[in-house]
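To keep things clear, I will list the structure first and then write my remarks on it.
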Amino acid sequence: MEMLTNWFTDNQEMLIAFGIKLVVAFLIFIVGKIVSRLISKGVIKLLQHKKVDPTVISFIGSIVYGLAMAFTLIAAISHLGFNTTSLVAIIGAAGLAIGLALQGSLSNFASGVLLISFRPFKAGDFVEVGGVSGVVEEVLIFSTTLRTGDNKTVIIPNNAITSGTIT
């Protein structure tokens, strides 16, 4: 027990300095979380004002919040004195791997965002897209649903729509 007491006495300055760093890192995290929430809510309100689809608003709001929190977490860890270079590299590599794995889905998602934002057609319009003619029933984030002349429902991936001709 005496050895432990001596260790605390000998390292008192170091422990106090680390305690202060820990408290500051915790404050960075708390303030960062509040700022991340405010930024996310601001982006959501801006997109709602621009009358963007609610699905897109929710998704973009989540991405903005996640990126801001990742930045906050890295800043807090960095303040504690840890080297965050390798952590950032791992996050980047993971993002690249996920992006490559979801390439088709992300392409459909990006096309869906474009279709919802620019609205080249809307529900009820008669269009020819992706080699199919019909009345647009619904434009979703990943696909668009058409009702053909013979009353069949056709679901077309949004990537096929934006990469082709829209009539």
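Residues L80 and F26 share a hydrophobic cluster, clusters being chains of Ile/Leu/Val/Met/Phe/Trp/Tyr side chains in contact below 4.5 Å. In the hydrophobic clustering of this structure, I28 does not group with I77; members are Ile, Leu, Val, Met, Phe, Trp, Tyr whose side-chain heavy atoms approach within less than 4.5 Å, directly or through other members. One hydrophobic cluster holds both V88 and F29 under the rule that ILVMFWY side chains link at heavy-atom gaps under 4.5 Å. Hydrophobic clustering keeps L38 apart from L46 (ILVMFWY residues linked when any side-chain heavy atoms are closer than 4.5 Å, directly or through intermediates). Tracing side-chain contacts under 4.5 Å through hydrophobic residues (I, L, V, M, F, W, Y), one never reaches I74 starting from F71; they form parts of separate clusters.
Panel note: side chain S36, backbone Y65; no donor-acceptor pair is recorded below 3.5 Å. Using modelled atom types, no side-chain atom of D125 and backbone atom of V127 make a donor-acceptor pair closer than 3.5 Å.
Applying the side-chain hydrogen bond (donor to acceptor under 3.5 Å, both in side chains) criterion to R119, with sequence neighbours excluded, gives no partner residue. Legend: residues meeting side-chain hydrogen bond (donor to acceptor under 3.5 Å, both in side chains) with N159, ordered by chain and number and at least two apart, are S107. Remark: S111 engages T162 in a side-chain hydrogen bond (donor to acceptor under 3.5 Å, both in side chains) (not counting sequence neighbours). Residues passing the side-chain hydrogen bond (donor to acceptor under 3.5 Å, both in side chains) test with D150, sequence neighbours excluded: T148.
Going from atom CG of L22 over to atom CG of L15 covers 11.5 Å, rounded to the nearest 0.5 Å. Annotation: the span from F109 atom CZ to L114 atom CG amounts to 10.0 Å, rounded to 0.5 Å.
With contacts defined as side-chain heavy-atom distances shorter than 4.5 Å, the pair T144/L140 does not qualify. Here the side chains of F121 and V139 are in contact, with some heavy-atom distance below 4.5 Å.
Summarising the hydrophobic clusters (Ile, Leu, Val, Met, Phe, Trp, Tyr; side-chain heavy atoms under 4.5 Å, direct or chained), the residues clustered with L27 are V23.
The only member of I156, T165, V154 that meets side chain to side chain contact (heavy atoms under 4.5 Å, CB included) when paired with V129 is I156. Partner of F126 under the side chain to side chain contact (heavy atoms under 4.5 Å, CB included) criterion, chosen from V135, V136, L146: V135. When each of Q48, K45, K50 is checked for a side chain to side chain contact (heavy atoms under 4.5 Å, CB included) with I57, only Q48 meets the rule.
The shortest heavy-atom contact between N158 and G112 is ND2-CA, 3.2 Å. Shown here for T72 and K33, the closest heavy-atom pair between the two residues is CG2-N, 4.2 Å. Between M69 and G32, the shortest heavy-atom contact is SD-O, 4.3 Å.
Neither side chain, S143 nor N108, offers a donor N or O lying under 3.5 Å from an acceptor on the other.
Here salt bridge (Lys or Arg N to Asp or Glu O under 4.0 Å) pairs that include residues 129-141, with residues two or more places apart or in two chains, are E137-R147.
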